[in-house]
Amino acid sequence: MTANALSPLILVDGSSYLFRAYHVPYLQALSTSDGQPTGAITGVLNMIKALKKDYPNGNIVVVFDAKGKTFRNDLYPEYKANRPPMPDDLRSQIAPLHNIIEAMGLPLLVIEGVEADDVIGTYAKQANELGIETVISTGDKDMAQLVTPHVRLINTMTDTEMDEAGVEEKFGIKPDQIIDYLTLMGDKVDNIPGVEKCGPKTAVKWLKEYGTLEGVIENSDKVKGKIGENLRSALEQLPLSYELATIKTDCELPYDVSELGPKQADTDTLLELYTKFELRRLLAELKAANGETTEADEEITPAKIDTHYETILDEATLDTWLTQLSDAGTFAFDTETTSLDYMKAELVGVSFCCEAGKAAYVPVAHDYVGAPSQLSRELVLEKLKPLLASDTLVKVGQNLKYDANVLAKYNVAITGPVLDTMIESYCYNSVATRHNMDALAEKYLDHKTIHFEDIAGKGAKQLTFNQIELEKAAPYAAEDADITLRLHQALYPKLEKESQLLSVFKEIEMPLMPVLARMEQGGVLIDDHLLTEQSHQIGARLAQLEMEAHDIAGRAFNLASPKQLQEILFDELKIPVIKKTPKGAPSTAEEVLEELALDYPLPKLILEHRGLSKLKSTYTDKLPLMIAPSTGHVHTSYNQAVTVTGRLSSTDPNLQNIPIRSEEGRKIRQAFIAPQDHKVVAIDYSQIELRIMAHLSDDAGLLTAFKEGRDIHQATAAEIFNVALDDVTSNQRRSAKAINFGLIYGMSAFGLSKQIGVGRNEAQAYMDKYFERYPGVLTYMEDTRQKANEKGYVETLFGRRLYLPEIKSRNGMRKKAAERAAINAPMQGTAADIIKKAMLAVDAWIVEQNDPRIKMTMQVHDELVFEIHQDIVEETTAKIVDIMNQAAELKVPLIAEAGIGMNWDEAH
DNA sequence: GCGCGACCATA
DNA sequence: GTATGGTCGCGCC
């Protein structure tokens, strides 16, 4: 066995992974047909497979605990005495796993008298001394003590790496303080005594203060309170704990680190073992690697495809290609342009592909020095136009809305059958990956694409596509089309297997794309003079506030810097700290300043300053700059594949967070206006998420309240506080409203109590009362949690799916967070589905009217905004309200409410 | 020039 | 307590 000095040493803590894999729910289900469990085997082997992929040159060594006692039991008979014996269904998996690992040719170490940690520690130390890069693959945080500049940890199950900086970040201390840290805390599971009530926080605090365990011990009489007593009474046993927590780095081992290295895999034995234990995927992969064909398995790496990419510079070749595209019936298509901003972008070339691996790029506007002569943009578009508008040809693209927006400037439309791979991926699984092409190619095709930065550079010196040499541009562009087609071939069949997902894709998302494109191209009219005027006023007030603040502070400082503000408030003015940020610095967040403002003058100034400068920098300064010179309008981008719940998002500018709550903020909405003789019409769904909750939960009380058209918060208040509807006070209504919202967010009593400013018990009492009055809601919440836990996903009314991988987390906080998301997603997502359906119906009606006096301009989650000519505004609004009310058939009425005005503020 | 945390705008 | 996007300061390279 020899090691290549250049390859990193990968030390695998097999025992740690074995135990963890054993407890993974979906692995627990695995067994052979005669009942031999194989989940833990599968888990560990998958993990080794992942390591092989991540470290192709890695020298993998697998270490397991041996049976029997270790030197730690001699030191301390109670060590791990609390551990239950290993379950039989885990024990029975160990020998087969060892056999498989050996057959794979990997060095396997099982050393008696020490633990796997100690073997790893010994090799890590040897490797470190030889300067060999070492990666320890483990799920055990104790190993952090082994980290050095040459040694780092990777947790393959959570895919997180930790080097020295990572240790400091995670623990707040350096690797060489980890043993001290573990000593102070002790370990309940392993039965190592520590300081009673000393957890991670306290341990880190002490070590920061006194540097080392020795320092802590020397200064133990300085620690006050109960915890100080605990520390002093633990002093005697700390040296023992230290010894137990220390991973041994001088074990006697059969091989030196330099002697470790892989052997030839024993394929025959592997085949036999995989067959015996019915490890079908591994078997299939092994056979595939040996050149045998196997039954199709979607997760198997697709065969590498030979690629032939062509650059088209003459008309005859273009014609031949276009004929091929037509004959193929389905083709992928992509544009290359000068900008990501569709309003500024100019077309530089187009690429297409109708057979995996065969693609072409047609440059039309590369203008670097020495660029060859190219076909004209006009000619190429003229020839392509009928294909893109064909009613029969299927056009496949990645984020086609962008291409459609760019081509619209050249009067070329993409219509007829259109499929978008970004949306396919999004509908298939909104959380598995980002939906950009590079990520999709890697996930679904196991292919690393050429990145734009690879050919264009990055930063200020980044080239635009027209400046890139054809030799580099063509493979990139052609690959885009090729990969798009292959992604479609990979993703569409997956959607077809899930009729619900396919229907969301075909009935909602794809039809919505041209609707969004029209809204984006149409844009929204902004009164830039009004905004500029507001900027000036705000600027003057900010200057005044700044002067006053500097006066009080006694020196100049940046009011916008939380760090400087924190110095002024808490260090210099000695104002008491109320709350800290997650990283431990005193918080200067709004709620804190609000509270301080009651007693001190400066926080109040800061609050006003913050609010105003936010408005100025984000809105009044920026929006006028975003008006497109060519249209005089502001053109946002709606992203259709960002949110996990099915909502749209809006960027450049974000039109979905224009202020409304504060007085000053509302003024910005006054700048959202309509053209001459037109009105702004805003129509929003009233309480849509609560209505959906009523529908999904089928709760009789809630259904009645909505059917009878009651004020839902008032009705809720009457039920919770046991008073007549008319006797509900505004305070009671406010609490009920907070509860109603909280339910949608999957709240806890703790969250509710914070929101409405009552004790936790009182909040719990309100919730109990609520669930007593609306038992259907309680059942629904419980069912949703259960479904999320069982299936790993939840669904909207229309079958949109949201996976919740964290629902299986053993980390309580994460699991709880996933459960809250599970509660919220069906309601938020169904609301998103409904307004999307409404947009489709409204747009269809507007297109049918063929009247330029009606335009849909914005979507803000539960609201649609239009500009409509004043002559027809009343009846048109009534018609649209009607369409929106009919967008879905729920057990309660959908109510859309309209406002009409000269600007967006007035329209509310 | 970039990435990240804190903060804050919306539904 | 859910879901987003934008700006700022600041430390880093």
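Just so you know, these numbers come straight off a predicted model, no measurement behind them. Every chain is numbered from 1 and lettered A, B, ... according to where its sequence line falls, protein lines coming before strand lines.
For the residue pair Q467(A) / T464(A), a side-chain donor-acceptor distance below 3.5 Å is found, with atom types taken as modelled. In this model, no donor atom of one side chain and acceptor atom of the other lie less than 3.5 Å apart for K563(A) and N558(A). A side-chain donor-acceptor contact under 3.5 Å links E790(A) and Q786(A). Under the 3.5 Å distance criterion, with hydrogens and angles disregarded, a donor-acceptor pair is assigned to the side chains of Q828(A) and T645(A). For D652(A) and S637(A), the side-chain atoms include no donor-acceptor pair closer than 3.5 Å. Side-chain contact of E897(A) with H908(A): a donor-acceptor pair under 3.5 Å is absent, judged by distance alone. In this model, a donor atom of one side chain and an acceptor atom of the other lie less than 3.5 Å apart for D905(A) and Q670(A). For S535(A) and T620(A), the side-chain atoms include at least one donor-acceptor pair closer than 3.5 Å.
Contacts of Q537(A) classified as side-chain hydrogen bond (donor to acceptor under 3.5 Å, both in side chains), with partners at least two apart in sequence or in another chain: E533(A).
Residue R661(A) places none of its side-chain N or O atoms closer than 4.0 Å to OP1 or OP2 of dA9(B).
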Practice item. Assign a letter to each nucleotide of nucleotides 8-13 of chain C from its 5' end: B, base within under 4.0 Å of a protein heavy atom; S, sugar-phosphate only; -, no contact. Key: SSSS--
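A heavy atom lying under 4.0 Å from DNA chain C marks the following residues of residues 635-644 of chain A, by number: V642(A), T643(A), V644(A). A heavy atom lying under 4.0 Å from DNA chain B marks the following residues of residues 647-660 of chain A, by number: R647(A), Q656(A), N657(A), I658(A), P659(A), I660(A). Within a heavy-atom distance below 4.0 Å of DNA chain C, the residues of residues 746-758 of chain A found are M747(A), S748(A), F750(A), G751(A), L752(A), K754(A), Q755(A).
Across all strands, E863(A) comes closer than 4.0 Å to no nucleic acid atom at all (heavy-atom distances).
Surrounding NE2 of H536(A) are at most 12 heavy atoms belonging to other residues, nucleotides or ligands under 6.0 Å away. Shown here is L573(A), whose CG atom has more than 12 heavy atoms of other residues, nucleotides or ligands within 6.0 Å.
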Review point. Using Watson-Crick and G-U wobble pairs whose two distances are both under 3.5 Å, how do you write the pairing of DNA chain B as dot-bracket, with | for links to another strand?
Key: |||||||||||
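Out of dG6(C), dA3(C), dG1(C), the shortest distance to the side chain of K614(A) is found at dG6(C).
Taking the centre and axis of the six-membered ring of Y793(A), the NZ or CZ atom of R801(A) falls inside the cone set by 45° and 6.0 Å.
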Practice item. Tell me, with the steps shown, if E608(A) and R541(A) meet salt bridge (charged side-chain N to carboxylate O under 4.0 Å, His left out). Key: CA-CA 10 Å; E608(A) 190 183 350; R541(A) 177 71 187 143; 2.7 Å; yes
